[in-house]
Structure formats: C-alpha cells, structure tokens
Amino acid sequence: MQKEELTRDPNQTNPLVLAFLGDATYAHCVRYHLIARGLVKPNQLHKTANRYVSAKAQANILLTLLPDLPEDEVNIVKRGRNAKSGSTAKNADIIDYRHATAFEALIGYLYLNGKEERIAEIMQQAFAIVEGDTEHE
C-alpha cells in the first residue's frame, strides 16, 4: 500500500495523534494475529481481541517492555503517558489508561517513522505477554 508523504515530522506530532494511529495499528495487528491462529468466528474474534487491546493488557505490555526500550522510544512513551486527553477511561483505571495511551503512542510513532520491523518485534513480544509466555524475548 502506498503511503502519502507526511506534512509533519513524526517527532513533533502530538502524542495523542500518535496514540490515535497506534491504537488502530495495534488493533489491526491483533486481528491479523488471531485470524492467522485460526480464529474465524466473529464473536470469538471479538472476545479474544479484547484480551489484547484492553487498557489493562496494553499497560501490562508497556510496563513489561519498558526496561528494554531504547531512549528514543522511552521519550515517546513518556510523552504519551503524560498527554492530557479530553476523554476518560471507560473500563480502566487512570494509570492503566495512561500507560495504554503511552503504548499506543509508541506504536503510532514507529508506524509514522516506517519502522515496520520494530513494530513486528514489539507485536511478537506483546502477543507473548498477553498469551502468558513470560519468555517474550
């Protein structure tokens, strides 16, 4: 798929915009992962996907990966975590919600910078974390 050229440097993009894109990118990767594993019933897909995309799951992923992230990614995570959103979490506490936003901002940042391989690494680790495989590296 041809990507349009960006009009703004991803490093200067609002972290909530990064999170907006990261949310969609992560959800897409989760859905593909589940279908690739053989899940084909829509209700089953939806229920299973929620285990991966909940704020609590994303916060857990981020906190597990954080010690091993390079400095530039940690800086994006901090910007995402500290961003003031106009919305509130529906089914999560504020701390999980902020960490989930930070995780999504990181994914959006990587996507805008064309770091598909890095996204794939993080997805592999994220799926392992959610699926209970603590040996995620």
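Counting from 1, the numbers follow the sequence of the chain as shown. Side chains included, hydrogens not; waters and symmetry mates left out as well; all remaining heavy atoms used.
Residues passing the side chain to side chain contact (heavy atoms under 4.5 Å, CB included) test with Arg81 are Lys78, Arg98, His99, Ala102, sequence neighbours excluded. Residues passing the side chain to side chain contact (heavy atoms under 4.5 Å, CB included) test with Pro67: none are found, sequence neighbours excluded. For Ala120, the side chain to side chain contact (heavy atoms under 4.5 Å, CB included) test picks out no residue, with sequence neighbours left out. Contacts of Ile119 classified as side chain to side chain contact (heavy atoms under 4.5 Å, CB included), with partners at least two apart in sequence or in another chain: Leu110, Tyr111, Met123.
In plain terms, the two heavy atoms of Ala83 and Leu16 that are nearest each other are CB-CD2, 3.6 Å. Taking each heavy atom of Ala105 and Leu18 in turn, the nearest pair found is O-CB, 3.6 Å.
A donor-acceptor distance shorter than 3.5 angstrom exists from the side chain of Asp93 to the backbone of Ile95, with no hydrogens or angles considered. With hydrogens and angles disregarded, no donor-acceptor distance shorter than 3.5 Å links the side chain of Tyr52 to the backbone of Tyr26.
Under the 4.5 Å side-chain criterion, counting only non-hydrogen atoms from C-beta, Asn11 is in contact with Tyr109. You'll find the side chain of Pro10 stays beyond 4.5 Å of the side chain of Lys115, heavy atoms only. Residues Val30 and Val130 fail the side-chain proximity criterion, which asks for heavy atoms closer than 4.5 Å. Counting only heavy atoms from C-beta outward, the side chains of Phe20 and Asn14 never approach each other to under 4.5 Å.
Contacts classified as salt bridge (Lys or Arg N to Asp or Glu O under 4.0 Å) and involving residues 14-32 (residues at least two apart or in different chains) are not found. Every pair passing salt bridge (Lys or Arg N to Asp or Glu O under 4.0 Å) that includes a residue from residues 37-64 is listed here, sequence neighbours excluded: Arg37-Glu131, Lys56-Asp96.
Applying the side-chain contact (heavy atoms from CB on, under 4.5 Å) test between Val77 and each of Thr101, Leu65, Asp72, Leu62 identifies Leu62 as the sole match.
Side-chain heavy atoms closer than 4.5 Å link hydrophobic residues (I, L, V, M, F, W, Y) into clusters, and following such links, possibly through other members, connects Leu21 to Leu6. Both Ile122 and Val74 belong to a single network of hydrophobic side chains, linked directly or stepwise wherever heavy atoms of I, L, V, M, F, W or Y lie under 4.5 Å apart. Taking hydrophobic clusters as Ile, Leu, Val, Met, Phe, Trp and Tyr residues chained together by side-chain heavy-atom distances below 4.5 Å, Ile107 does not share a cluster with Tyr32.
Atom OG1 of Thr48 sits about 10.0 Å away from atom NE2 of His46, to the nearest 0.5 Å. Interatomic distance, Glu71 CD to Ile76 CD1, rounded to the nearest 0.5 Å: 11.5 Å.
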